[in-house]
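First the structure, in the form of C-alpha cells, and then the observations on it.
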Amino acid sequence: MIEIMDTTLRDGEQTRGVSFSAHEKKAIARLLLNELNVDRIEIASARVSDGEFESVKKIADWASEAGLLSRLEVLGFVDNGMSIEWIQSAGCEVMNLLCKGSLKHLTEQLKKTPEQHIKDITNEVLKASEVGIVVNIYLEDWSNGIQHSPDYVYEMMDALVKLPVRRIMIPDTLGILNPENTYTYCKDMIDRYPDVHFDFHAHNDYDLAVGNVFSAVRAGIHGVHATINGLGERAGNASLSSVVAVLHDQLKKETAICEKKINHVSKTVEMYSGIHISPNSPVVGENVFTQCAGVHADGDSKNNLYYNDLMPERFGRTREYALGKTSGKANIRKNLEALGIEMDEESMRKVTERIIELGDKKEMVTQEDLPYIVSDILRYDTIDNDIKIMNYSLSLTQGLKPVATLKIEIDGQAYEETATGDGQYDAFVRALRKIYESLGRPFPMLTNYAVSIPPGGRTDAFVQTVISWNYAGVEFKTRGLDADQIEAAIKATLKMLNKIENAES
C-alpha cells in the first residue's frame with residue numbers, strides 16, 4: 001500500500017495567484033479526507049499569518065471532532081520551538097520539519113556547519129516530542145544534495161535515524177530529477193536505511209513529476225506527495241489524479257484513494273483556485289475521455305477496440321463522442337443514442353454531411369447542438385431546392401449603411417442585385433426583394449424573427465434563427481441553423497423561398 005500525502009493546501013497554495021480562504025481550505029480538507037480518502041494532508045506553513053492560524057485552527061477543530069486530526073500536517077521550521085508552539089496552539093499534532101538536504105543550502109543560506117544543523121534539528125525534534133507533536137522531516141533540496149554532496153546527506157541521515165522521527169521526506173525541490181536518476185537515488189536511500197519510511201516529493205519543472213514518482217515507487221518508496229490539478233510553485237507538483245492512475249495501473253500498487261471522487265474534487269479545487277485545468281490534462285481534463293475520430297467511435301462499438309484501462313467511469317466521468325468534421329457516423333450515432341434518437345441510414349447520412357459542413361465553420365459541435373441539426377434536416381431536407389443562392393457579400397462599415405450583394409438562381413437562371421439596409425440581413429432581404437420585383441413575383445412579409453442557441457450559453461454555439469412569414473394570408477415559419485446568426489437567417493429565408501416554390505409548382 002502506497003501512502004498518499006496531499007499538499008494542495010500548503011505547497012499548492014504557493015501557485016502564483018492562488019490564496020484559499022479559511023472556508024475554502026476547510027471545504028477542500030473535508031473533500032480530501034472524507035471523499036477522496038487521502039492518507040494525509042499538509043494544510044499550511046506555521047507562522048505565516050494570523051489568517052493562516054485561524055484557517056488551520058478551524059480545520060483542526062473539525063478534524064478533531066471527526067477523528068481525523070492525526071492526518072493533518074503543518075510545515076514547521078528549525079526556529080527554537082516557535083513553530084511547535086504555533087502548531088500546538090492551532091490544535092494540530094503533526095509537524096513536517098523543514099531541514100536542509102544539501103550542503104550548498106546549509107552553508108550558503110543558513111551559514112552553518114552540518115554539526116550545528118544536526119544539533120539544532122535534534123533540539124527541535126526533542127521539544128516537539130516532549131509536547132506530543134509527531135515529527136516528519138523534509139530534507140529540502142535533497143535531489144541536489146544526493147547528487148553533489150552525498151556525504152552530507154548520509155551524515156544527516158545517520159543522525160536523524162536516531163531521533164523520534166516518523167518519516168523522512170526527500171523532495172526534488174527544484175524539479176531537477178528524471179525517472180532514471182530518481183530510481184537510482186531513491187534506491188540508494190532505501191538500501192542504506194531500510195527501516196526508514198521515506199516519502200518522495202516531486203516538482204514538475206521538466207514535466208517529469210509523475211514519471212519521477214513512478215520511479216521512486218519502483219525503487220521502494222513508501223509514500224508520495226501530490227496536489228490536486230498539479231498546483232504548486234513554478235511548474236507545479238505531481239498531479240494527484242495522474243499519480244493515482246499510474247500507481248494503480250502501471251505499477252499495480254494499492255492506495256486508499258477513492259477514484260470515483262477524483263473528478264469532483266478536481267473541479268472544486270479548480271473553482272476555488274481559479275486555475276483552469278488544461279483540456280488535455282490526463283484523467284481530469286475536459287477532452288481526455290472524448291473520442292473525436294469516427295474510427296475510434298466505430299471501434300468502441302466493436303468490442304471496445306479503442307479503450308484502455310483509464311475508463312472514465314472509474315473517475316466519476318463518462319465517455320463522450322465529439323461531433324465535427326472528423327466524426328463520421330459512429331460518433332454521431334453514439335450521441336444520438338445518448339439522446340434517445342433513432343434514425344434510418346439515409347437520415348444518418350444527411351446528418352453526417354451537415355455536421356461535417358458545420359464543423360468546418362465551428363470549433364466544436366456539441367451533443368446539445370445535435371437535436372437542432374436533426375430537426376433542421378428532417379423538417380426541410382425533403383424540400384426540392386429549385387431556388388439556390390449562388391453567392392452573396394455583406395459589408396458593414398462604420399458610419400455607412402450595410403450593403404448586400406446577392407446572386408441567386410431561380411429555375412436555372414441567375415439574377416444579381418445590390419441593396420442597402422438598416423442591418424446586414426435587412427440589406428440581404430432588400431436585394432432579394434429587388435430580384436423578385438423585377439420578375440413580377442410576390443414576396444412574403446416577414447412578421448417575426450427569433451434567435452436561440454442550444455443550452456449552455458457558449459459564445460461559439462450554433463444559432464437557430466426562426467423567421468415567421470405571411471404569404472397570401474398564410475402564416476408559416478422556417479428555421480436556419482449555423483454558427484453565424486446572419487447565415488442562419490439567410491438559410492431560413494432560402495427555405496422559405498423553396499417552400500413557396502414547391503407549394504406553387
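The shown structure was predicted, so the numbers you read here are calculated from the model rather than taken from an experiment.
- Not one N or O on the side chain of Ser281 forms a donor-acceptor pair closer than 3.5 Å with the backbone of Val284.
- Across all non-hydrogen atoms, the minimal contact from Glu417 to Ala431 is CB-O, 3.6 Å.
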Residues Leu33, Leu72; criterion side chain to side chain contact (heavy atoms under 4.5 Å, CB included); working and verdict: CA-CA 9 Å; Leu33 293 176; Leu72 302 186; 3.9 Å; yes
Residues Ile41, Leu32; criterion side chain to side chain contact (heavy atoms under 4.5 Å, CB included); working and verdict: CA-CA 8 Å; Ile41 62 172; Leu32 292 171; 3.9 Å; yes
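- Proximity of a side-chain donor or acceptor of Asp484 to a complementary backbone N or O of Ala488 within less than 3.5 Å is not detected.
- In the model, Thr255 has a side-chain atom that pairs as donor or acceptor with a side-chain atom of His248 under 3.5 Å.
- The environment of OH in Tyr449 is crowded: more than 12 heavy-atom neighbours from other residues, nucleotides or ligands sit within 6.0 Å.
- With a 6.0 Å cutoff to the six-membered ring centre and a 45° limit on the axis angle, Arg218 counts as a cation-pi contact of Tyr183.
- Summarising the local packing, NZ of Lys407 is surrounded by 12 or fewer heavy atoms from other residues, nucleotides or ligands at distances under 6.0 Å.
- Closest heavy-atom contact between Ser273 and Val18: O-CG2, 3.8 Å.
- Judged by distance alone, with hydrogens and angles left aside, the side-chain atoms of Arg10 form no donor-acceptor pair with the main-chain N or O of Ile43 at under 3.5 Å.
- Considering Thr7, Asp11, Asn237, Asp199 as possible partners of His225, the one that fulfils the side chain to side chain donor-acceptor pair (under 3.5 Å) test is Asp199.
- Of the possible polar contacts, one joining the Asn498 side chain to the Ile387 backbone as a donor-acceptor pair under 3.5 Å is found.
- You'll find the side chain of Thr268 stays beyond 4.5 Å of the side chain of Val265, heavy atoms only.
- None of Leu494, Ile490, Leu497, Ile389 except one satisfies the side chain to side chain contact (heavy atoms under 4.5 Å, CB included) rule with Leu432; the exception is Leu497.
- Between the side chains of Thr478 and Trp469, at least one donor N or O lies within less than 3.5 Å of an accepting N or O.
- Considering all non-hydrogen atoms of both residues, Arg40 and Glu3 come closest at NH1-OE1, 2.7 Å.
- Of the possible donor and acceptor atoms, one in the side chain of Thr15 sits under 3.5 Å from a partner among the backbone N and O of Gly12.
- Side-chain atoms of Glu233 and His203 include no donor-acceptor pair closer than 3.5 Å.
- Nearest heavy atoms, Lys388 versus Ile408: O-CG1, 3.2 Å.
- A donor-acceptor pair under 3.5 Å is formed between the side chain of Asn37 and the backbone N or O of Ala256.
- Put simply, the side chain of Tyr471 reaches to within 4.5 Å of the side chain of Pro442, judged on heavy atoms.
- At least one donor-acceptor pair under 3.5 Å links the side chain of Asn212 to the backbone N or O of Leu177.
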Evaluation steps, side chain to side chain contact (heavy atoms under 4.5 Å, CB included), between Ile410 and Asp386: CA-CA 6 Å; Ile410 302 175; Asp386 297 321; over 6 Å; no
Verdict with reasoning, Arg314 to Asp249, per salt bridge (Lys or Arg N to Asp or Glu O under 4.0 Å): CA-CA 12 Å; Arg314 282 174 54 186; Asp249 295 358; 2.8 Å; yes
Full working for side chain to side chain contact (heavy atoms under 4.5 Å, CB included) between Arg441 and Glu501: CA-CA 11 Å; Arg441 286 178 169 234; Glu501 191 79 5; 2.9 Å; yes
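- Within the 3.5 Å criterion, the main-chain N or O of Asp141 finds no donor-acceptor partner in the side chain of Asn144.
- Counting only heavy atoms from C-beta outward, the side chains of Thr405 and Tyr392 never approach each other to under 4.5 Å.
- Looking only at side-chain heavy atoms (C-beta outward), His201 and Met169 stay at 4.5 Å or farther from each other.
- Considering every non-hydrogen atom in both Gly175 and Asp205, the closest pair reads CA-OD1, 3.5 Å.
- Counting only heavy atoms from C-beta outward, the side chains of Phe53 and Val48 never approach each other to under 4.5 Å.
- Using a cutoff of 4.0 Å between basic side-chain nitrogens and carboxylate oxygens, Glu13 and Lys25 are scored as salt-bridged.
- Judged by distance alone, with hydrogens and angles left aside, the side-chain atoms of Asn229 form no donor-acceptor pair with the main-chain N or O of Ile277 at under 3.5 Å.
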For a quick test of your reading: what N or O donor-acceptor pairs under 3.5 Å do the side chains of residues 423-430 make, sequence neighbours left out?
| residue | atom | partner | partner atom | Å |
| --- | --- | --- | --- | --- |
| Tyr425 | OH | Thr493 | OG1 | 2.5 |
| Asp426 | OD2 | Asp422 | N | 2.8 |
| Asp426 | OD2 | Arg430 | NE | 2.9 |

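- Listed for the Thr227 side chain is a donor-acceptor partner under 3.5 Å among the backbone atoms of Leu231.
- Counting only heavy atoms from C-beta outward, the side chains of Ile228 and Leu36 approach each other to under 4.5 Å.
- Applying the 6.0 Å contact sphere to NZ of Lys267 captures more than 12 heavy atoms from other residues, nucleotides or ligands.
- Annotation for Glu475: atom CD counts as buried by contact number, over 12 foreign heavy atoms lying within 6.0 Å.
- In terms of heavy-atom proximity, Glu42 sits nearest to Asn96 at OE2-ND2, 2.9 Å.
- Side-chain atoms of Leu240 and Val38, non-hydrogen and from C-beta on, do get closer than 4.5 Å to each other.
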